[in-house]
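Positions are given from 1 along the sequence. What you see below is based on every heavy atom in this structure, not just the backbone, and it leaves out hydrogens, waters and symmetry mates.
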Amino acid sequence: MSRKNMTAAGLLTAAFTVILLTFLLRPTEETKLKQAALPAVPNPPQEKTIKKTSLVQDVSATDRLNRTDVSKHLRTMLAETHGALPKDISAYAKRLQQGHGHITMLMWIDYRSHKTSTFKSALPEGTDQENKQLVKYLNTAKAALKGHQSYESPSFIIGDKKYYFTAQRDQEGNIGVIALISQNILDRVADHQLKNLRLIPYPKEGKYRVESVHADNLKDITVKTGHDNENASHFYENEIVVRFKNGHPTPGQLQTIAADIRCKQPRKLGYAYIFRSDKMNYSQLKTYFTNKWSPEYTEPHYMYLTNETPYENTGSGVVTPNDLLFSTYQWNLPAIETEQGWNLSKGSKEVVVAVVDTGVQAGHPDLQGQLLTGYNAISSGSTPDDDVGHGTHVAGIIGAVINNEEGVAGISWYNKILPVKALDNSGAGTTYSVAEGIIWAADNGAKVINLSLGNYADSQFLHDAIKYAYDRDAVIVSAAGNDNTERPGYPAAYEEVLAVAATNSSGERASFSNYGDYIDVAAPGESIASTYPDNQYAALSGTSMASPHVAALAGLVRSLNPALSNKEVMELMTANAVDLGEAGHDKYYGWGQVDIYKTLRAASGNDVPLQLFPQHVGRQLKNMQQHTGTAQ
């Protein structure tokens, strides 16, 4: 062949190769759709706008579901006091208002005798204009009842508080009842979500001698905006956590340390000690212990923040509870096939789920019989009462009473909840209190531990507590965080913990949800309706709300198949998640959104669903490679 022909042949070959490679490397339509479906990560201004929208949505949903709840109570009052004596009606009203402090005033109107009785009759006082508006809405309520109609006023302001009137009339039309309702819960939810969604710096620096460091290099930073939280880890500036190499220091050595750094008796948990100095800051303490005592490790004392009659059905269809707010507000349970899953497991009182959080309101009517005697790591000897709302909300997602025609439905019917208060009335807790809460829960029978809290600094002290609980076969579930950042949060990022991201009602990544390679699964986390203090209900958003969905599922799995280890339970939940985003594991959804029905079916020993079989085989091969030490 001539050189010219050889050159031409070479050019043709090269051209063909380029065309072939272009075709082979061209993204398929499916790939394009997958790429287009990948979640967009908003920039800080967009993130702030989206989070504000979530906050407004949560407040609005809380308003609607509480109006529904109050209307139900008025209808129940009319039904249960039908034909009752005045003293019995008065006693009923008193009990109702004692249990529901937001019912500020009740007015009972008997249209047969034309008598009116008012309970807690003192109306709030405001300006002349505000008082006129209150009287106007009250008169409108009376007129509506007279016309045999129910009534609900818009919200109005008296002083610095918000109220509304609602009115109901019985079926016979003989009795009417008007209630003035305080809407303090709306301000509480707004304040809670400003912190929970990190729209404001939280906690404020300087409070309780709190300082902030960059989570990567521990260099001092100042948190000025809510967005700054994603790089910050808060700690107590005059405290240090120390683990000594040779076990525990002697009493004489502790006396020497106390004199050197001017401190009182240190707190001890496990192998670690927490020293609080009256004269040294953290940097000085670290230098002192490193130079004089050569400890195994020292680290700051970090703060962890919040990240909110049984019915049997043995059929194969969907179990629909009669709880008042279920059908309208609890989109989250059908989204993860909870109702179908109840045909396989409703839980067991033998499997305890611990909620390490701000405590739980023990007297909430929708949590009656669901709570065990818990523990308070903030105030020793005290009951784990909730003075924030976060823990009560988390507990309701897991186990609010089902089929009591009250409020919301929990995911588990029978699993008992163990409340552990490790976060104080500001919604924050320390490494010590959280670690103590985890260890106490593990020592007191918890088979599942929910941690809707986090910090961005890797704490060996906390990790020790996590390992302690994991070694005792607890399934540990934690929220990823609400800063829209890829930075790993702890305890979620620890290997022993199942890290949970949040999704919305469309099955997409919630805009605030943290992401990263450490994410294991996703679960619903936007406007989740659940129990709230003062016998009320709130809709909250956050990975804090996503995490208890997964913890509840773990409780159902362990109830159905008690022989499974914690590792096997975690693998079942990830293997049977519904894949979202990129095929297989990705940083936004982990292995996908949890599916209660599919997971329980797998836990019961049934075959893996056909659509999940490739993923199942892939995971089995991966496990085999890990066990044999091979890799590709």
Side-chain angles (χ1 to χ4, degrees), residues 98-99 267 269-270 304 306 308-310 346-402 404 406-408 410-425 427 429-430 432-453 465-466 468-469 472-477 530-536 544 547-548 551-552 554-556 558-559 562:
Q98 283 177 339
R267 285 175 286 171
L269 185 65
Y304 292 82
T306 59
E308 257 258 42
T309 315
K346 294 185 178 74
S348 164
K349 65 180 181 180
E350 306 301 325
V351 177
V352 175
V353 180
V355 174
V356 179
D357 213 290
T358 61
V360 179
Q361 185 204 339
H364 199 292
D366 224 0
L367 293 172
Q368 292 305 299
Q370 301 294 82
L371 304 178
L372 298 173
T373 301
Y375 180 72
N376 192 324
I378 299 296
S379 178
S380 179
S382 300
T383 55
D385 295 325
D386 187 2
D387 42 18
V388 176
H390 191 268
T392 300
H393 197 273
V394 167
I397 294 171
I398 295 170
V401 179
I402 296 176
N404 62 347
E406 171 80 37
V408 296
I411 293 173
S412 168
W413 296 51
Y414 305 128
N415 291 105
K416 296 298 183 183
I417 296 171
L418 187 65
V420 179
K421 185 174 179 63
L423 307 180
D424 63 21
N425 59 8
T430 66
Y432 186 95
S433 64
V434 174
E436 183 183 6
I438 293 168
I439 290 173
W440 188 91
D443 284 343
N444 285 271
K447 300 302 290 181
V448 181
I449 300 175
N450 185 80
L451 302 169
S452 289
L453 47 84
I466 292 290
Y468 180 92
R472 280 150 184 78
D473 198 38
V475 174
I476 308 167
V477 182
S530 186
T531 47
Y532 208 66
D534 299 326
N535 300 339
Q536 296 191 75
S544 281
S547 182
L556 295 180
R558 304 207 89 164
S559 301

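Looking only at distances, a side-chain donor or acceptor of S433 sits under 3.5 Å from a matching main-chain atom of A422. Between the side chain of S559 and the backbone N or O of S348 there is at least one donor-acceptor pair closer than 3.5 Å. Judged by distance alone, the side chain of D386 and the main-chain N or O of P533 form no donor-acceptor pair under 3.5 Å.
Shortest non-hydrogen contact noted between G374 and L418 is CA-CD1, 4.1 Å. Between G555 and V448, the shortest heavy-atom contact is N-CG2, 3.9 Å. Scanning all heavy atoms of the two residues, the minimum distance from V420 to A441 falls at CG2-CB, 4.3 Å. In this structure, P365 and N535 approach most closely via the heavy-atom pair CD-OD1, 3.1 Å. Scanning all heavy atoms of the two residues, the minimum distance from N415 to V353 falls at CB-CG2, 4.2 Å. Closest approach of Y468 and D443 over heavy atoms only: OH-OD1, 2.7 Å.
Atom OG1 of residue T358 and atom CG of residue L423 lie 6.5 Å apart, to the nearest 0.5 angstrom. If you take OH on Y432 and CG on L269, they are separated by 5.0 Å, rounding to the nearest 0.5 Å. Atom CD1 in I417 sits 9.0 Å away from atom CG in L372 (nearest 0.5 Å). For the atom pair S412 OG and K349 NZ, the distance stands at 13.0 Å (nearest 0.5 Å). Between atom CG of residue D366 and atom CG of residue N404 there is a gap of 5.0 Å, rounded to the nearest 0.5 Å.
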*Step by step, work out the side-chain contact (heavy atoms from CB on, under 4.5 Å) result for L451 and S547.*
CA-CA 8 Å; L451 302 169; S547 182; over 6 Å; no

*asked:* Evaluate T392 against L367 for side-chain contact (heavy atoms from CB on, under 4.5 Å), listing each step before the verdict.
replied: CA-CA 9 Å; T392 300; L367 293 172; 4.2 Å; yes

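Applying the side-chain hydrogen bond (donor to acceptor under 3.5 Å, both in side chains) test to N376 and every residue at least two apart in sequence or in another chain returns nothing. Qualifying side-chain contact (heavy atoms from CB on, under 4.5 Å) partners for P562, counting only residues two or more places apart in sequence or in other chains: none. The side-chain contact (heavy atoms from CB on, under 4.5 Å) test applied to D385 returns T383, not counting sequence neighbours. Under the side-chain contact (heavy atoms from CB on, under 4.5 Å) criterion, A469 pairs with I438, A442, I449, A474, I476, not counting sequence neighbours. Partners of T531 according to the side-chain hydrogen bond (donor to acceptor under 3.5 Å, both in side chains) rule, which considers only residues two or more places apart in sequence or in another chain, do not exist here. By the side-chain contact (heavy atoms from CB on, under 4.5 Å) test, P384 pairs with P419, K421, sequence neighbours left out. Applying the side-chain hydrogen bond (donor to acceptor under 3.5 Å, both in side chains) criterion to Q370, with sequence neighbours excluded, gives no partner residue. With sequence neighbours excluded, the residues satisfying side-chain hydrogen bond (donor to acceptor under 3.5 Å, both in side chains) with E436 are Y375. Partners of D473 by salt bridge (Lys or Arg N to Asp or Glu O under 4.0 Å), not counting sequence neighbours, listed by chain and number: K447, R558.
Among residue pairs with one or both ends in residues 352-371, those qualifying as ring-ring contact (aromatic ring centres under 6.0 Å, His included) are H364-Y537; sequence neighbours excluded. Pairs of residues two or more places apart, or lying in two chains, never qualify as salt bridge (charged side-chain N to carboxylate O under 4.0 Å, His left out) while including a residue from residues 367-383.
The closest side-chain donor-acceptor pair between D534 and Q361, if any, does not fall under 3.5 angstrom.
Exactly one of T430, D424, D387 qualifies for a side-chain contact (heavy atoms from CB on, under 4.5 Å) with I378. That residue is D424.
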